[in-house]
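A short write-up of the structure that comes next.
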Amino acid sequence: MNAKADIMEQADAAFAHALAEALDIREHETGDHSKRVACHTLVLAQRFINDPHRLRHIYWGALLHDIGKIGVHDAILLKQDALDEDEWNEMRTHPEKGHRIVAQIPGMEEAAEIILCHEERFDGSGYPRKLSGGQICLGARLFAVIDTLDAITSDRSYRKASSFDQARDEIIRMSGTQFDPLAVQAFLAEETTLREMVAAKCMQSQATAFPSNQYNRSKP
C-alpha cells in the first residue's frame, strides 16, 4: 500500500472510530461499547474469512452498527421508560438511516449492509426487511450474537451486568430463532477467548485481524 493510500485509510479508520464514540457518548454508553462489539465480532469472523479487507469492513460495520440512531430524537433514544408504539416505529428506522449514511462512503458497501441488517433475526422476525437465514449478511449474523453477549455482560443504568454464563445460556437458547446456529457454533468454539475479553472489557482481537500499527491504538 502506498503512503497516500495508507494515510487515507488511517483517516477513514479514525473517522469511523470518532463517529462510534460520539454515538456511545450520546447514548450514555460507557466502556467503548461500539469498539468492543466490533473487535469481538472479528473473533467470530476470522473463523469464516481470511481476507483482511473483508475483515476490516466487518469491523467497521459492527463498529458503526447504531450510527443511524444519530437521526433518532433524544426524547426517544434516551427515554428511560418503555417506548410506545410510535416511538418504537421511530427507533426501528435507525438501521436504514445508518445504511444511508455509510453507503455514501466509497468502498463501504459491506459495512453498510451489516448496518442495515444488524436488527434482523435468523427466523425472519427482525427488521427492517424481515430477512431470514442466509438472506442476512454473514457479518450481521455474527454481530447479532456478539451484541447480545455485550448487552448481557455490561452494566446499564437500569441494571447490573450478568455473567458470561448467563449470556452463553441465552445465546444457546435463541439459536435458530434470533441467531444463526453457525454463528452460535462459532461463539462456542471461541468461548475461551471471548470469556477472557469480556472479563477484561478489552479489544485485543484488533491486532489479529489488523497487524498494521494503525489498528492497535485502542489496545490497553
Side-chain angles (χ1 to χ4, degrees), residues 9 12-13 15-17 19-20 23-24 32-69 92 94-151 167 171 174-190 193-194 197-198 203-210 215 218:
E9 187 161 314
D12 287 344
F15 181 60
H17 282 96
L19 282 176
L23 185 63
D24 281 353
D32 291 320
H33 162 74
S34 294
K35 291 180 184 178
R36 206 163 54 237
V37 296
C39 292
H40 294 186
T41 298
L42 283 181
V43 173
L44 304 190
Q46 288 173 106
R47 297 190 66 85
F48 301 92
I49 298 166
N50 293 320
D51 179 2
H53 178 78
R54 285 201 63 203
L55 288 170
R56 185 174 297 117
H57 286 276
I58 287 174
Y59 174 83
W60 283 347
L63 180 76
L64 297 173
H65 67 281
D66 270 345
I67 195 62
K69 287 182 178 178
R92 290 190 183 104
H94 80 271
E96 293 164 303
K97 289 176 178 176
H99 178 266
R100 192 159 62 246
I101 293 168
V102 176
Q104 297 180 57
I105 304 172
M108 292 284 277
E109 293 82 7
E110 184 166 7
E113 184 66 14
I114 292 170
I115 293 166
L116 183 60
C117 292
H118 80 274
E119 295 285 4
E120 302 286 0
R121 292 169 56 110
F122 192 73
D123 64 2
S125 64
Y127 64 91
R129 294 181 289 174
K130 294 192 177 299
L131 302 180
S132 63
Q135 294 177 315
I136 306 166
C137 65
L138 175 62
R141 283 180 274 144
L142 300 176
F143 167 82
V145 172
I146 293 300
D147 194 39
T148 293
L149 173 66
D150 192 71
I171 288 167
M174 298 300 289
S175 178
T177 53
Q178 184 173 352
F179 306 124
D180 180 352
L182 286 177
V184 175
Q185 289 175 20
F187 164 78
L188 294 173
E190 296 291 349
T193 297
L194 291 169
M197 293 176 74
V198 166
M203 294 164 285
Q204 62 193 16
S205 67
Q206 279 181 290
T208 304
F210 306 136
Y215 291 104
S218 60

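Source: prediction; values computed, not measured.
- Distance check: T41 OG1 to I114 CD1 gives 8.0 Å after rounding to the nearest 0.5 Å.
- Separation of atoms NE2 (H99) and NZ (K97) is listed at 15.5 Å; rounding is to 0.5 Å.
- With respect to the salt-bridge test (charged N to carboxylate O, under 4.0 angstrom), the residues R54 and E110 qualify.
- Under the 4.5 Å side-chain criterion, counting only non-hydrogen atoms from C-beta, S132 is not in contact with R121.
- For the residue pair A167 and L149, the shortest heavy atom distance occurs at CB-CD1, 3.8 Å.
- Taken to the nearest 0.5 Å, the CG atom of L131 stands 7.5 Å off from the CG atom of L116.
- Closest approach of L42 to L55, counting heavy atoms only: CD2-O, 3.4 Å.
- L138 contributes atom CG, which lies 9.0 Å from atom CG of L182 (distance to the nearest 0.5 angstrom).
- Scanning all heavy atoms of the two residues, the minimum distance from G124 to K130 falls at O-CB, 3.5 Å.
- When all heavy atoms of F179 and A144 are compared, the pair lying nearest together is CE2-O, 3.3 Å.
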Original post:
Are H118 and H94 close enough, and set up right, to give a side-chain contact (heavy atoms from CB on, under 4.5 Å), and what steps lead you there?
Top reply: CA-CA 10 Å; H118 80 274; H94 80 271; 3.2 Å; yes
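- Under the 30°/60° scheme for interplanar angles, the aromatic rings of H65 and F143 are found to be tilted.
- Put simply, the side chain of H40 reaches to within 4.5 Å of the side chain of V198, judged on heavy atoms.
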Original post:
After noting the C-alpha distance and the side-chain angles of L194 and I146, does the key distance pass the side-chain contact (heavy atoms from CB on, under 4.5 Å) rule?
Top reply: CA-CA 9 Å; L194 291 169; I146 293 300; 4.2 Å; yes
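- Residues A38 and L63 come closest through the heavy atom pair CB-N, 3.6 Å.
- The local environment of CG in D51 is crowded, with over 12 non-hydrogen atoms from other residues, nucleotides or ligands closer than 6.0 Å.
- Rounding to the nearest 0.5 Å gives a distance of 4.5 Å between SG of C117 and CZ of R129.
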**OP:** Under the side-chain contact (heavy atoms from CB on, under 4.5 Å) rule, what do M174 and T148 come out as? Steps first, then yes or no, please.
**Re:** CA-CA 10 Å; M174 298 300 289; T148 293; over 6 Å; no
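- Considering all non-hydrogen atoms of both residues, V145 and A183 come closest at CG2-CB, 3.9 Å.
- Annotation: the span from H33 atom NE2 to D66 atom CG amounts to 6.0 Å, rounded to 0.5 Å.
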